[in-house]
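Each chain gets a letter, A, B and so on, in the order its sequence line appears, and its residues count up from 1. Just so you know, these numbers come straight off a predicted model, no measurement behind them.
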Amino acid sequence: MKSFLETLKNAEEKWRERWRESGIFKPDEGSDKPKYYLLEMYPYPSGTLHMGHMRNYSIGDSIARFKRMKGYDVLYPMGWDSFGLPTENAAIENDISPEKWTERCIEDMKEQMDSLGLSYDWDREVASHWKGYYKWDQWFFLKFLERDLAYKKEAEVNYCSECETVLANEQVEGGRCWRCDSLVEKKDLDQWFFNITEYADELLEDLEELEDWPEKVKKMQQDWIGRSEGAEVLFETTDGEEIPVFTTRPDTLYGCTFMVLAPEHEISEELAEGNDEIEEFIERAKRLKASVREQKGKEGIFTGKYGVNPVNGEKIPIYIADFVLETYGTGAIMAVPAHDQRDFEFAREHDIPIVPVIKPEGEEDFEDLDEAYEDEGVLINSEDYNGMDSEKAWEEITSALEEEGKATREINYRLRDWLISRQRYWGCPIPVVYCDECGTVPVPEDELPVELPTDIDVDVAGNPLKNDESFLKTECPECGGEAERETDTMDTFIDSSWYYLRYCSPDFEEAPFDEGDLEKWMPVDQYIGGIEHAILHLMYSRFFVKVLRDMGMCEMEEPFERLLTQGMVLLDGEKMSKSKGNVVDPGNMIEKYGADTSRYFILSAADPRREVEWSDEGIESKFEFLRKVWQTVEESDFDGNEDIDLENCNLRDRYIVSRTQRVADEVAEDIENFRISDGLKKMEHFFDELLKYRDESEETPERSKIFSKGLETYVRMLYPFSPHLSEEIWHQLGNDELINEVGWPESEDALIDERAERGEELYQKLRDDIIHIKNITEKEPGHIRVIVAEKWKFKAFELIQEKLNEMEKPDMGAIMGDLGGEFPDKKRELSEIAQKAVKNPGKILDRDVDHEFETTTLDQIKARLEREFETEIEIMKAEDVEDEKADRAEPGKPGIILD
RNA sequence: GCGGGAGUAGCCGAGCUAGGUCAAAGGCGCUAGACUCAAGAUCUAGUCCUAUAGGGGUCCGAGGGUUCGAAUCCCUCCUCCCGCACCA
């Protein structure tokens with residue numbers, strides 16, 4: 001006999017081939033099925049698949065297959081985020097061109113993806129380094145330029161000397177490069193930007209529409225955008241200079257006792273010219289900023305200048321201090337030490353007066369603060385505004401200043417424009433040339449793409465494009481004279497901002513996408529990826545779609561309808577990473593256990609959103625489980641295609657039939673809600689129930705049919721998770737069609753049998769009780785009596801149930817009042833039952849109160865119990881038994897006597 | 001500091017968005033039994049305390065509260081994890 005592993009491997013090869021031939025992974029053109037666009041974040045082609053990928057794609061593929069079974073027209077594509085710095089480095093290391101390296105990596109990864117059995121439609125593959133793709137990056141750039149959404153300016157930018165390129169704000173994490181973790185420096189450079197701040201408000205507001213995004217991701221974007229409402233207030237110095245400041249608290253203006261400038265502020269720089277002390281301070285502050293981010297001290301220096309508080313004419317000192325950010329607001333602040341903790345600390349250190357102007361409501365004395373009071377309250381020390389609520393004062397003070405022309409209401413954002421230039425080779429060239437005559441000239445659309453030269457020596461310092469004459473030298477599109485190309489390439493996040501649109505029409509040549517196809521497939525119904533893109537990729541993509549909408553190229557507002565952020569894969573509680581050397585290679589795992597086992601394990605070990613702990617025993621046990629499934633089929637005769645004759649079914653038969661219906665619906669619901677591991681657990685439980693049923697019940701034609709049907713249902717449910725094995729089994733069972741065509745098992749209401757389910761419950765409870773009693777008495781009974789409660793108790797329970805349902809809250813008196821009359825001679829027993837009912841209504845409410853049913857059910861259960869306990873069972877009526885245990889019997893809970 | 005998430009039996013982990021059927025699913029580990037020459041695998045039962053009849057007690061980070069009734073709702077506190085971090 002073949003080993004199970006061999007079986008798996010054979011099935012993998014065989015079905016992968018058959019699926020490919022059948023074209024079931026391609027969207028069903030022209031069908032009227034509802035569309036479903038399922039997307040995983042396209043990977044950077046590093047050459048090897050890691051566990052994170054493996055998990056991501058296992059989740060995605062199971063959803064894709066499930067949705068196809070459920071009758072959706074599924075678009076499930078894959079592609080490559082193939083531009084980027086690591087490739088350039090790898091290429092140098094391996095002495096090969098980045099292009100060749102990339103293509104080799106793609107090939108390798110594709111093979112690994114195939115070995116997992118992922119059901120992508122490879123006809124739609126895209127890769128950002130393909131000319132046919134990045135041409136449209138350039139096209140978008142030109143469009144952005146036309147709309148003033150792309151511009152070049154000299155600015156202080158983040159520079160990573162390790163990567164030898166600049167970075168966008170989003171790509172700096174805690175002062176370090178997101179990719180290589182080295183410290184980021186500030187540099188003044190002339191760079192290209194996308195004007196994402198233009199869309200700040202919309203990006204913020206529309207977050208609310210994204211109902212099926214994780215709250216966490218929305219919150220992160222919200223914080224990143226960082227909108228704050230306030231006013232820009234114009235302060236004058238005693239020398240007549242004007243210094244605008246931004247504040248969100250105009251209501252505290254009377255408490256402003258000094259001003260602070262950022263070290264990079266224009267006036268700071270001017271002052272440094274003639275003052276060594278100031279110059280030195282500024283230099284030091286700048287250096288500190290770049291290196292030691294954690295330092296919290298508020299260092300500052302007095303400028304010798306004074307400003308004038310515009311509301312009360314007070315003369316206030318102006319300082320330069322490192323805690324004021326040049327990049328936020330105007331780079332200068334009005335300091336209100338009484339109501340801002342940072343200002344408070346600074347004032348303490350420099351002996352500046354602290355004047356409270358807002359006191360908490362109801363408080364009397366409010367002087368001598370220990371810390372700043374930052375909440376709302378009532379104004380004090382504020383002339384005409386005293387006694388006013390801070391909220392109202394905010395408005396009035398602002399309006400008053402506005403009238404004098406000393407303030408304007410402003411909204412400020414933390415979000416900065418997106419710096420898209422990169423001084424690296426392996427990226428999409430920015431389609432611009434520089435001409436001495438005409439200046440900066442965009443490359444005309446019909447000359448796109450500006451091709452990235454591929455026969456080039458990349459092992460040089462700096463950007464290799466600068467050394468490549470044939471690339472560099474060009475004609476000016478306007479005057480025809482000599483010109484030089486822009487050598488910066490685009491941030492690769494531009495590539496990934498619209499790739500999901502390209503999948504809709506990957507071969508379209510007239511435009512980045514065909515609008516009709518876009519209309520059909522977008523938005524993405526389900527996006528799956530890592531949390532690390534919470535801000536970067538997900539915000540840039542949203543921005544792109546909004547711009548495209550304004551260009552009239554699409555109608556949607558948001559690209560991704562639902563977002564799922566998967567958890568990490570851990571080993572011994574730690575994140576797997578190359579640097580820690582604790583990686584488990586998916587390739588080895590597939591080799592050893594097969595693709596189906598690997599997929600099954602990673603999906604069953606934890607739900608997609610959570611972290612998952614890798615475990616050798618875990619995958620081993622799943623391998624065994626699947627082997628059991630396989631063996632079960634091997635040893636079974638199959639006749640699932642014949643109709644079941646319910647007339648000839650006993651209670652248990654009907655129960656299994658009923659379960660078979662329900663489990664399909666339950667598991668489907670779990671999958672819809674990404675509770676995949678729950679669903680798999682239910683399936684396993686169902687499978688074990690089936691086996692028990694087969695082994696424990698009498699061999700009848702119906703049993704065989706019911707078992708087969710159950711097995712068939714199980715196998716179909718297994719398909720999204722372990723598709724090869726399940727397809728193999730399915731055909732082994734005598735079916736010709738592919739599971740994909742047959743679809744998800746639909747439940748038949750007519751086959752759902754609540755009585756049978758109740759019967760099974762009764763059996764289980766009874767069995768548990770008998771075992772329990774056996775355990776505490778340590779008796780091995782030779783005879784068991786099972787006693788149905790007296791008939792009147794059924795009636796009494798029923799009445800109590802009615803009462804409980806009527807009553808707002810359980811009331812002992814009311815229950816007894818009505819029941820006492822009904823059963824005058826049972827008052828003592830009744831009061832016990834009623835007490836129980838009041839104490840725990842749930843325990844009474846779930847009872848089955850059908851005496852007839854219980855009696856006949858027990859008769860049917862009898863034989864099964866006898867087999868289970870290998871002893872004689874006698875079913876009796878309490879009315880016929882003289883024993884206190886018989887008196888204790890209740891509906892749904894028969895008395896038990898072990899003899 | 002701000003924000004988000006979480007604290008459940010030896011461990012992992014459901015349940016907690018609709019309070020009662022929760023001593024609290026499932027898995028792992030452990031114990032006993034079956035099987036076996038034996039081990040492993042598998043199957044069965046047990047695994048908070050107590051009890052030779054299905055019961056009782058205590059329990060879901062700590063402490064209060066609401067309720068006839070709380071793991072589930074409210075308040076306070078403690079601890080852990082994650083994200084942002086001097087954004088005026």
- Nearest-Å distance for atom pair CG/P, residues A:Leu325 and B:A88: 10 Å
- Message: For the P atoms, the ones on B:A70 and on B:U66, what distance do you get once it is rounded to whole angstrom?
- Response: 11 Å
- Query: What integer number of Å spans the P atoms of B:A6 and B:C75?
  - Reply: 15 Å
- Message: For a quick check of understanding: with a heavy-atom distance under 4.0 Å over all strands, which category does A:Leu898 fall into, base, sugar-phosphate or nothing?
- Response: base
- Task: Return the nearest nucleotide to the side chain of A:Lys692; candidates are B:C82, B:A88, B:U44.
- Result: B:U44
- Residues A:Ser677 and A:Asp607: side-chain donor-acceptor under 3.5 angstrom: yes
- Using a cut-off of strictly less than 4.0 Å, decide whether A:Arg767 has a side-chain nitrogen or oxygen near OP1 or OP2 of B:U44. no
- Would you say a side-chain N or O of A:Arg847 is under 4.0 Å from OP1 or OP2 of B:U21? no
- Would you say the side-chain atoms of A:Tyr714 and A:Glu684 include a donor-acceptor pair closer than 3.5 Å? no
- Item | B:U67: pairing nucleotide in any strand, Watson-Crick or G-U under 3.5 angstrom | none
- Query: Across the strands shown, which category fits A:Lys765 at heavy-atom distances under 4.0 angstrom: base, sugar-phosphate, nothing?
  - Reply: nothing
- Identify whether any heavy atom of A:Gly230 sits under 4.0 Å from a base atom; if not, whether one sits that close to sugar-phosphate; answer base, sugar-phosphate or nothing. nothing
- Working to the nearest 0.5 Å, report the span between CD of A:Glu532 and OG1 of A:Thr565. 9.5 Å
- Query: Base, sugar-phosphate, or nothing: which does A:Lys893 touch, judged by heavy atoms less than 4.0 Å apart?
  - Reply: base
- Message: Taking any heavy-atom pair under 4.0 Å as a contact, classify A:Asp769: base, sugar-phosphate, or nothing.
- Response: base
- Message: Checking contacts here: which listed nucleotide (B:G54, B:G13, B:C86) is nearest the side-chain heavy atoms of A:Arg610?
- Response: B:G13
- Task: For B:U50 and B:A62, measure between their C1' atoms and round to the nearest Å.
- Result: 27 Å
- May I ask you to evaluate whether A:Ser621 reaches the phosphate of B:C28, defined as a side-chain N or O under 4.0 Å from OP1 or OP2? no
- Whole angstrom is fine here: how far is it from CD in A:Gln221 over to P in B:G83? 17 Å
- If you pin A:Lys681 and A:Ala889 to their nearest nucleotides in RNA chain B, which one's is more 5'? A:Lys681
- What does A:Arg627 touch in the nucleic acid at a heavy-atom separation under 4.0 angstrom: a base, only the sugar-phosphate, or nothing? nothing
- A:Glu780 CD to B:A34 P, straight-line distance once rounded to whole Å: 12 Å
- Note on the structure: From the candidates B:C84, B:A53, B:C82, the one with an atom nearest any side-chain atom of A:Thr777 is B:A53
- Query: Does any donor atom in the side chain of A:Tyr254 or A:Asn309 lie under 3.5 Å from an acceptor atom in the other side chain?
  - Reply: no
- Query: Roughly, in whole Å, what's the span from CZ in A:Phe323 to C1' in B:G1?
  - Reply: 15 Å
- Task: Would you indicate what A:Lys885 reaches in the nucleic acid, counting non-hydrogen atoms under 4.0 angstrom: base, sugar-phosphate, or nothing?
- Result: base
- Message: My understanding is that only one of A:Tyr600, A:Phe4, A:Phe623 makes a ring pair (Phe, Tyr, Trp, His ring centres under 6.0 Å) with A:Tyr593; could you say which?
- Response: A:Phe623
- Item | Side-chain donor-acceptor pair present, A:His265, A:Glu326, cut-off under 3.5 Å | no
- Message: If I pick the C1' atom on B:G13 and the same atom on B:A25, what distance separates them, to the nearest angstrom?
- Response: 10 Å
- For A:Ile773 and B:A51, give me the distance from atom CD1 to atom P, rounded to whole Å. 18 Å
- Message: For the C1' atoms, the ones on B:U8 and on B:C22, what distance do you get once it is rounded to whole angstrom?
- Response: 12 Å
- So does A:Lys218 get a side-chain nitrogen or oxygen closer than 4.0 Å to the phosphate oxygens (OP1/OP2) of B:G3? no
- Among the nucleotides B:A53, B:G46, B:C86, whichever has the atom closest to the side chain of A:Arg888 is B:A53
- Message: Just to be sure I understand the rule, does A:Asn775 reach a base, reach only the sugar-phosphate, or reach nothing, if contact means heavy atoms closer than 4.0 Å?
- Response: sugar-phosphate
- Query: Taking the side chain of A:Ile776 as heavy atoms from C-beta outward, which of B:C84, B:G54, B:A88 is closest to it?
  - Reply: B:G54
- Task: Taking atom CD of A:Glu870 as the centre, report whether more than 12 heavy atoms of other residues, nucleotides or ligands fall under 6.0 Å from it.
- Result: no
- Message: Please tell me whether A:Gln764 and A:Glu760 have a donor and an acceptor in their side chains that are separated by less than 3.5 angstrom.
- Response: yes
- Query: What nucleic acid atoms does A:Pro894 come within less than 4.0 Å of, heavy atoms only: base, sugar-phosphate, or nothing?
  - Reply: base
- Atom C1', compared across B:A23 and B:G56: separation rounded to whole Å: 12 Å
- Message: Under 4.0 Å, heavy atoms only, any strand: does A:Ile897 hit a base, just the sugar-phosphate, or nothing?
- Response: base
- Query: For A:Thr247 and A:Met220, take the nucleotide of RNA chain B holding the closest heavy atom to each; which residue's nucleotide lies nearer the 5' end?
  - Reply: A:Met220
- Quantified in whole Å, what is the P atom distance between nucleotide B:G65 and nucleotide B:C59? 15 Å
- May I ask which nucleotide in the shown strands pairs with B:A9, Watson-Crick or G-U wobble, both distances under 3.5 Å? none
- Pairing partner of B:C2, by Watson-Crick or G-U wobble and under 3.5 Å for both distances, is B:G83
- Message: Without decimals, in angstroms, what is the distance between A:Tyr328 OH and B:C84 P?
- Response: 18 Å
- Message: Side-chain N or O of A:Arg675 versus OP1/OP2 of B:A14: is the shortest distance under 4.0 Å?
- Response: no
- Item | Separation of the P atoms in B:A32 and B:G19, to the nearest angstrom | 44 Å
- Message: When you compare the side chain of A:Arg55 with that of A:Val612, does any pair of heavy atoms fall below 4.5 Å?
- Response: yes
- B:U21 pairs with which nucleotide, Watson-Crick or G-U wobble, both distances below 3.5 Å? none
- Task: Return the value, rounded to whole Å, for the distance between atom CD1 of A:Ile784 and atom P of B:G54.
- Result: 16 Å
- Item | Rounded interatomic separation in angstrom, taking NZ from A:Lys682 and C1' from B:G15 | 12 Å
